[in-house]
Novice: 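Okay, handing you the structure first.
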Amino acid sequence: MSIAVNLEQVRKQVDDLILQNNRESNSVRLLAVSKTKPIENIMAAYDAGQRQFGENYVQEVVDKCLALSDLNDIEWHFIGSIQSNKTRLVAQNVDWVHTLDREKIAVRLNEQRPENLPPLKVCIQVNISGELTKSGISLSDLPKLVEFVTALPHLELRGLMAIPAPQSSIQSQVEAYQPLLLAYNDLKMRYPNIDTLSIGMSGDMAAAIHSGSTMVRIGTAIFGSRQ
Ligand SMILES: *Cc1c(COP(=O)(O)O)cnc(C)c1O
């Protein structure tokens, strides 16, 4: 199994879905989720032109950043849940955080973002599956957190992220995304920097691109299954 071949297939799937849904070309970015995978796999994807990588574990992303620091055009995206005692390492090492869901973490990331780096790009994680998952803020609490985050100078709010509960059909996946898309469009009208709707994984890419995704987070389809 070749990572370069997988990447090419995923890029083609993304392009086909963009066409099928009458979306603008290049309107969906591909985040390669490399969690638990070795450095060599990231290098293989890099050599095939991939620059944006997603990681879930703080120590792992720190180690990988360090090991690959020569490749300074890699963009690191943190997509795991953040404990408050790990915020400094996140603020110091990554370019993006997709999983911001509370004020306390926002305050810490803002304070701990080094002055010599650009503001940390963030997406607020929304819980669109009710009680099924713990992470993410509810849509009703979203406006308050948006207001809070946009006032912090070392954070740059770029959009919303969600991990929906598994659904049995594309139709029900699309339905689950609808309230999120409405909230995203509303946010976009009010804040000009908003350009990122981070939805879509290996199992629901079609529904996510149909539902307005601008960044799909793909692990398994690129790097193979994880243990
Ligand atoms: C692991 C993970 C992904 C990638 O999932 P695949 O099913 O392997 O594509 C995407 N987003 C998040 C938040 C993840 O934790």
Side-chain angles (χ1 to χ4, degrees), residues 1-17 28-39 41-42 44-45 48 50-64 74-83 86 90 93-102 105 109 120-129 132-137 158-170 172-173 176-177 180 184 196-227:
M1 187 199 60
S2 150
I3 287 170
V5 171
N6 291 349
L7 251 181
E8 198 178 335
Q9 276 169 3
V10 170
R11 287 192 188 120
K12 178 156 189 331
Q13 281 172 356
V14 169
D15 287 344
D16 288 348
L17 288 164
V28 182
R29 287 164 284 166
L30 174 60
L31 182 65
V33 177
S34 46
K35 65 180 176 213
T36 78
K37 298 294 178 181
I39 296 287
N41 289 8
I42 298 179
Q50 182 65 31
R51 293 293 179 271
Q52 293 161 313
F53 293 89
E55 290 283 341
N56 289 54
Y57 309 104
V58 175
Q59 198 51 54
E60 186 177 351
V61 74
V62 170
D63 292 346
K64 286 174 171 173
I74 284 192
E75 212 176 72
W76 293 104
H77 293 238
F78 192 76
I79 60 172
S81 60
I82 308 180
Q83 295 161 309
K86 298 282 175 62
V90 172
N93 286 283
V94 310
D95 303 290
W96 284 72
V97 167
H98 290 226
T99 44
L100 185 59
D101 66 358
R102 50 207 153 106
I105 299 293
L109 290 173
L120 183 62
K121 298 168 186 63
V122 299
C123 291
I124 292 177
Q125 183 177 357
V126 179
N127 183 349
I128 54 172
S129 304
L132 286 165
T133 54
K134 292 188 302 271
S135 321
I137 193 168
R158 294 290 289 271
L160 303 178
M161 178 270 206
I163 308 171
Q167 305 286 340
S168 52
S169 69
I170 291 193
S172 44
Q173 289 171 344
Y177 278 135
L180 182 72
Y184 175 71
T196 304
L197 183 57
S198 168
I199 52 173
M201 315 198 341
S202 298
D204 73 340
M205 206 164 68
I209 291 177
H210 180 79
S211 304
S213 171
T214 70
M215 197 183 293
V216 288
R217 310 179 307 263
I218 307 297
T220 308
I222 298 172
F223 297 109
S225 58
R226 294 174 295 273
Q227 253 134 33

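Atoms within a ligand are numbered from 1 in the order they appear, just like the ligands themselves. Residues: numbered from 1 along the sequence shown. Only heavy atoms go into these numbers, but all of them, side chains included; no hydrogens, no water, no symmetry mates.
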Novice: Whether the Gln173 and Gln167 side chains hold a donor-acceptor pair (N or O, under 3.5 Å, no angle test) is what I'd like checked.
Specialist: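 The criterion, which ignores hydrogens and geometry beyond distance, is not satisfied for Gln167 and Gln173.
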Novice: Could you work out, with salt bridge (charged side-chain N to carboxylate O under 4.0 Å, His left out) as the rule, every residue matching Lys35, not counting sequence neighbours?
Specialist: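 Partners of Lys35 under the salt bridge (charged side-chain N to carboxylate O under 4.0 Å, His left out) test: none.
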Novice: Go through the structure and list residues passing side chain to side chain contact (heavy atoms under 4.5 Å, CB included) with Ser168, not counting sequence neighbours.
Specialist: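 With neighbours one apart ignored, the set is Ser172.
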Novice: How would you list, by chain and number, every residue that makes a side chain to side chain donor-acceptor pair (under 3.5 Å) with Thr196, sequence neighbours excluded?
Specialist: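 Here the qualifying residues are Arg29.
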Novice: Could you report the tightest heavy-atom contact between Trp96 and Leu120, atom names first, then the distance?
Specialist: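 Heavy atoms of Trp96 and Leu120 come nearest at N-CD1, 4.1 Å.
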Novice: Please tabulate, line by line, the atom pairs linking an N/O of ligand 1 to a protein N/O at a distance below 3.5 Å, with the distance in Å to 0.1, or answer 'none'.
Specialist:
residue, atom, partner, partner atom, Å
ligand 1, 8 (O), Thr220, N, 2.8
ligand 1, 8 (O), Thr220, OG1, 2.5
ligand 1, 8 (O), Arg226, NH1, 2.9
ligand 1, 8 (O), Arg226, NH2, 3.1
ligand 1, 9 (O), Ser202, N, 3.0
ligand 1, 9 (O), Ser202, OG, 2.5
ligand 1, 9 (O), Gly219, N, 2.8
ligand 1, 11 (N), Arg217, NE, 2.8
ligand 1, 15 (O), Lys35, NZ, 2.7
ligand 1, 15 (O), Asn56, ND2, 2.7

Novice: Given Met201, which partner from the list Val216, Val33, Thr220, Ile163 fulfils the side-chain contact (heavy atoms from CB on, under 4.5 Å) test?
Specialist: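 Running side-chain contact (heavy atoms from CB on, under 4.5 Å) over Val216, Val33, Thr220, Ile163 with Met201 returns exactly one hit, Ile163.
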